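Heads up, the thing below is written out as C-alpha cells.
Just the heavy atoms: all of them, side chains too, but no hydrogens, waters or symmetry mates, feed the values below. Just so it is clear, the model here is predicted, and its values are computed rather than measured.
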Amino acid sequence: MTRATLTISSKNYSSWSLRGWLLCKMSGIDFEEKLVEINDDQRQELLLLSPSVLVPRLTDGEVTVWDTLAIAEYLNETKPKAGLLPKDKVARAHCRSVSGEMHSGFYNLRSALPMNLKARHEKFKIFSGARPDVERIRAIWTECLDTYGGPFLFGEKPTVADAMYAPVCTRFRTYAVELEPALQNYCETVFAWALMKEWTEGALAEPDEIIELEVEF
C-alpha cells in the first residue's frame, strides 16, 4: 500500500505543522513527511493567509485533507481504535469544544508569542491584548485537569486536545509565562511526551537561516 504523506513546514516555527504531525503519529497511520521550504513568494502567501499554501496537508490515497481539525476528524474515522477522542460522549464533546476554541481563537496570543522552539526569554512582557488569551488557556487547562484527573487534558492518554495545545506549552516555556504548579506539570508532561521530544529534536536540527514569519503558520 502507498504510504500517506504529511506536508509540513518549519518544525521550529510552525505550530500548525506540529499539530498535524502529532495527530498523524498518535493515530498510527503510516505516513512520510514532506517538507515545504518557505521561499520569498510563499512567505508573502503565508502572510496573506493564501489558501494556495496548504500546510499541514495530509494526503492518503485519493484523500487530501488540509485543515488541522479536519485532519483530526479524518484520522479519528480512519483509525478509530487510536483513541484520538475520548470514549465518553460528554468528554468527547468537551474535547472537540476546547480543540475548536484553539483552532479558531487566541489571535492575540499567536501574534504576541509566536512559536520558536530554539528561543528562550528569561523575562518577556506580554502586551495587554494577549493576557486574556493566556488567562483563558489557564482556565481551560485547569478545568480539564480537574475534571479528568490528568496528566493529559482528558486523562491518562493524549487526545486531539493535547495535540492542539502542545504548541502553547512551548510558547509558555519560550516566553517564560508563569503558571500554577498543576499547569506547569501539564506542560512538563507534554515536554516529556516521546512524540514532542522527537519533534523538538527535528526543530533544533533545522538550519538557523530558515525564514521566521511574523505570523503563525
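Between Phe124 and Val177, every side-chain heavy-atom pair lies at or beyond the 4.5 Å cut-off. Under the 4.5 Å side-chain criterion, counting only non-hydrogen atoms from C-beta, Leu22 is in contact with Met196. Within the 4.5 Å cutoff, side-chain heavy atoms of Ser15 are placed close to those of Arg19. Counting only heavy atoms from C-beta outward, the side chains of Asp30 and Arg3 approach each other to under 4.5 Å. Annotation: side chain of Ile8 is not in contact with side chain of Val36 (no heavy-atom distance under 4.5 Å). Contact check for Pro56 versus Trp66: no side-chain heavy atoms found under the 4.5 Å cut-off. Side-chain contact between Leu113 and Thr174 is absent, with no heavy-atom pair separated by less than 4.5 Å. Looking at Phe152 and Lys157, their side chains never come closer than 4.5 Å, going by heavy atoms from C-beta outward.
Proximity of a side-chain donor or acceptor of Arg92 to a complementary backbone N or O of Pro86 within less than 3.5 Å is detected. Here the side chain of Ser17 pairs a donor or acceptor atom with the backbone of Ser9 at under 3.5 angstrom. Side chain of Arg131 to backbone of Ile126: a donor-acceptor contact under 3.5 angstrom is found. A donor-acceptor contact shorter than 3.5 Å links the side chain of Asn108 to the backbone of Gly129. Formation of a donor-acceptor pair under 3.5 Å by the Tyr107 side chain with backbone atoms of Ala130 is not found in this model.
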Run Phe172 and Trp141 through ring pair (Phe, Tyr, Trp, His ring centres under 6.0 Å) and show every step you take. CA-CA 13 Å; Phe172 286 174; Trp141 288 1; 5.6 Å; yes

What do the steps show when you test Leu195 against Trp21 for side-chain contact (heavy atoms from CB on, under 4.5 Å), and what is the final call? CA-CA 9 Å; Leu195 296 182; Trp21 185 88; 4.1 Å; yes

Decide yes or no on side-chain contact (heavy atoms from CB on, under 4.5 Å) for Thr7 and Lys34, but give the supporting numbers first. CA-CA 5 Å; Thr7 303; Lys34 180 179 178 182; 4.0 Å; yes

Dump the intermediate steps for side-chain contact (heavy atoms from CB on, under 4.5 Å) on Trp16 and His103, then the final yes or no. CA-CA 9 Å; Trp16 291 109; His103 184 265; 3.9 Å; yes

Under the side-chain contact (heavy atoms from CB on, under 4.5 Å) criterion, do Leu58 and Thr64 qualify, and how do the steps go? CA-CA 6 Å; Leu58 177 64; Thr64 299; over 6 Å; no

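Listed by first then second residue, pairs satisfying salt bridge (charged side-chain N to carboxylate O under 4.0 Å, His left out) with a partner in residues 174-194 read Arg138-Glu180, not counting sequence neighbours. Within the structure, the salt bridge (charged side-chain N to carboxylate O under 4.0 Å, His left out) test picks out the following pairs touching residues 70-89 (sequence neighbours left out): Glu73-Arg96.
The CG atom of Leu117 sits 12.0 Å away from the CD atom of Glu201 when rounded to the nearest 0.5 Å. Note that NZ of Lys11 is 6.5 Å distant from CD of Glu198, once rounded to the nearest 0.5 Å. The distance from the CE atom of Met26 to the CG atom of Asn76 is 10.0 Å, given to the nearest 0.5 Å. Rounding to the nearest 0.5 Å places CZ of Arg57 at 5.5 Å from OG1 of Thr59. Atoms NZ and CG, from Lys118 and Asn12 in turn, are 5.5 Å apart once rounded to the nearest 0.5 Å. Rounding to the nearest 0.5 Å places CG of Leu18 at 9.0 Å from CG of Leu23.
Judged by a 6.0 Å distance limit and a 45° cone about the ring axis, Arg136 is not positioned over the six-membered ring of Phe106. Taking the ring centre of Trp199 as origin, the terminal cationic atom of Lys25 falls outside the region bounded by 6.0 Å and 45° from the ring axis.
Summarising the geometry of Pro132 relative to Ser128, their closest heavy-atom pair is CD-O, 3.2 Å, with the distance given to 0.1 Å. Residues Pro114 and Ser111 come closest through the heavy atom pair CD-O, 3.8 Å. The shortest non-hydrogen separation linking Leu179 to Cys187 is CD1-SG, 3.7 Å. The nearest pair of heavy atoms linking Cys24 to Phe31 is CB-CE2, 3.5 Å.
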Side-chain donor/acceptor pairs under 3.5 Å, residues 162-170, sequence neighbours excluded:
residue : atom : partner : partner atom : Å
Asp162  : OD1  : Leu153  : N            : 3.1
Asp162  : OD1  : Tyr186  : OH           : 2.7
Asp162  : OD2  : Thr159  : N            : 2.9
Tyr165  : OH   : Val98   : O            : 2.8
Thr170  : OG1  : Pro167  : O            : 2.6

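With no hydrogens or angles considered, a side-chain donor-acceptor pair links Tyr74 and Asp60 at under 3.5 Å.
Ring-plane geometry between Tyr148 and His94 is classed as tilted, the angle between the planes lying from 30 to 60 degrees on a 0 to 90 degree scale.
Hydrophobic cluster membership is shared by Leu75 and Val63, with clusters built from Ile, Leu, Val, Met, Phe, Trp and Tyr side chains linked at under 4.5 angstrom.
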